[in-house]
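These numbers come from the heavy atoms of this one structure, side chains and all, not from hydrogens, waters or symmetry mates.
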Amino acid sequence: MRRILTIFFLITISFLLQSTVLSIYSINGMAPNLMLILTMSFGIMRGRREGMLTGLCCGFLYDVYYGSLLGPYMLLFMIIGFLNGYFHKDFLMEDIMLPLFIIIVDDFVFCFVQYIFYFLLRNKTNLMFYFVNVFLPQILFTVIATIIVYRLYVLINKSLKKKVKDNEAV
C-alpha cells in the first residue's frame, strides 16, 4: 500500500512540475519529460508490470492535459514502461549509464511518435528540421533531468524495498 501511495505521489509531483514550473521556465518551448523519466525509472527498477502501470497513470495524465484524445499517450507510456521492464534483470541501481541510454531511446521514440501524429500526418515532412530543432533539444533536456532525478528515484526505491523487507521480517 505504501508503494502505491508513493508512486501516486511521485506521478502527481512529476506531472505538476512538468505542467507548471518546467513549462514556464522552458527554453524554446522545450522542457524535460519528467513523466517519461518516472515511467522509465520504475520500469527498470521494479519490472514490466510496475513500469506498465506507472506508464498507464502517467499517460492518462498526459492525455488529459496535453492530448486531444484519451488513450494515445496512455498506450505509448504503457508500452515504454513495459519494454523498459525487460531491463530489470540486467540492471544495477547504482549504474547510471543504462538508464541514460534507455531514456535517450525512449525520448526519441516519444518524439518520433509525436512527429508522426502531429506533423507527418499533416504533410509536414521535413524530418531533419524537427530532428535538429525539436528531437535533440528535448532529448538533451530529458537526459540532464534524468541525471538529477534518477538518483532520487533510486533512493526512494531502496527505501520502499527496505520497508517491505522490514515488514516481512516482523
For [X] versus [Y], what's the shortest heavy-atom pair and its separation?
{"X": "His88", "Y": "Ile44", "answer": "ND1-O, 3.1 Å"}
{"X": "Gly55", "Y": "Phe77", "answer": "O-CB, 3.0 Å"}
{"X": "Ser23", "Y": "Ser19", "answer": "OG-O, 2.9 Å"}
{"X": "Gln114", "Y": "Tyr73", "answer": "NE2-OH, 2.9 Å"}
{"X": "Leu70", "Y": "Val64", "answer": "CD1-CG2, 4.1 Å"}
{"X": "Phe82", "Y": "Arg48", "answer": "O-CG, 3.3 Å"}

Does one hydrophobic cluster hold both [X] and [Y], with members joined at side-chain heavy-atom distances below 4.5 Å?
{"X": "Phe108", "Y": "Ile147", "answer": "yes"}
{"X": "Leu140", "Y": "Val149", "answer": "no"}
{"X": "Ile13", "Y": "Leu22", "answer": "yes"}
{"X": "Leu34", "Y": "Ile144", "answer": "no"}
{"X": "Leu5", "Y": "Phe60", "answer": "no"}

Practice task
Please confirm whether the backbone N or O of Gly71 pairs with a side-chain atom of Asp63, one donor and one acceptor, at under 3.5 Å?
Solution key: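 Yes: the side chain of Asp63 pairs with the backbone of Gly71.
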Exercise for the section: Return yes if some donor-acceptor pair links the side-chain N/O of Ser159 with the main-chain N/O of Leu155 below 3.5 Å, else return no. Expected result: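 Side chain of Ser159 to backbone of Leu155: no pair is present.
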How many angstroms lie between [atom1] in [X] and [atom2] in [Y], if you round to the nearest 0.5 Å?
{"X": "Ile102", "Y": "Leu36", "atom1": "CD1", "atom2": "CG", "answer": "11.0 Å"}
{"X": "Asn126", "Y": "Tyr115", "atom1": "CG", "atom2": "OH", "answer": "7.0 Å"}
{"X": "Leu56", "Y": "Ile79", "atom1": "CG", "atom2": "CD1", "answer": "12.0 Å"}
{"X": "Met78", "Y": "Leu53", "atom1": "CE", "atom2": "CG", "answer": "8.0 Å"}
{"X": "Ile80", "Y": "Ile103", "atom1": "CD1", "atom2": "CD1", "answer": "8.0 Å"}
{"X": "Met40", "Y": "Phe87", "atom1": "CE", "atom2": "CZ", "answer": "11.0 Å"}

Handout entry: Ring-ring centroid check Tyr62 Phe110, cutoff 6.0 Å
Key =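 Under 6.0 Å, so yes.
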Are side-chain heavy atoms of [X] and [Y] found at a separation under 4.5 Å?
{"X": "Met35", "Y": "Tyr65", "answer": "no"}
{"X": "Leu76", "Y": "Pro72", "answer": "no"}
{"X": "Val21", "Y": "Tyr25", "answer": "yes"}

Problem - Phe15 atom CZ, over 12 foreign heavy atoms within 6.0 Å - result: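 Yes, because the 6.0 Å sphere around CZ of Phe15 holds more than 12 heavy atoms from other groups.
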Exercise for the section: With sequence neighbours excluded, tell me which residues meet side chain to side chain contact (heavy atoms under 4.5 Å, CB included) with Arg46. Expected result: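 If we apply the side chain to side chain contact (heavy atoms under 4.5 Å, CB included) test to Arg46, skipping adjacent residues, the hits are Arg3, Phe42, Glu50, Asn157, Lys161.
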Practice task
Give the intermediate values and the outcome of side-chain contact (heavy atoms from CB on, under 4.5 Å) for residues Leu127 and Phe112.
Solution key: CA-CA 9 Å; Leu127 180 61; Phe112 191 73; 4.2 Å; yes
Sequence neighbours left out, cut at 3.5 Å: what donor-acceptor pairs do the side chains of residues 129-139 make with other protein atoms?
unit_1: Asn133; atom_1: ND2; unit_2: Phe129; atom_2: O; d: 3.2
unit_1: Gln138; atom_1: NE2; unit_2: Ala31; atom_2: O; d: 3.1

Practice task
State whether a side-chain donor-acceptor pair under 3.5 Å links Asn33 with Asp107.
Solution key: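 No, because no side-chain N or O of Asn33 sits under 3.5 Å from a partner of the opposite role on Asp107.
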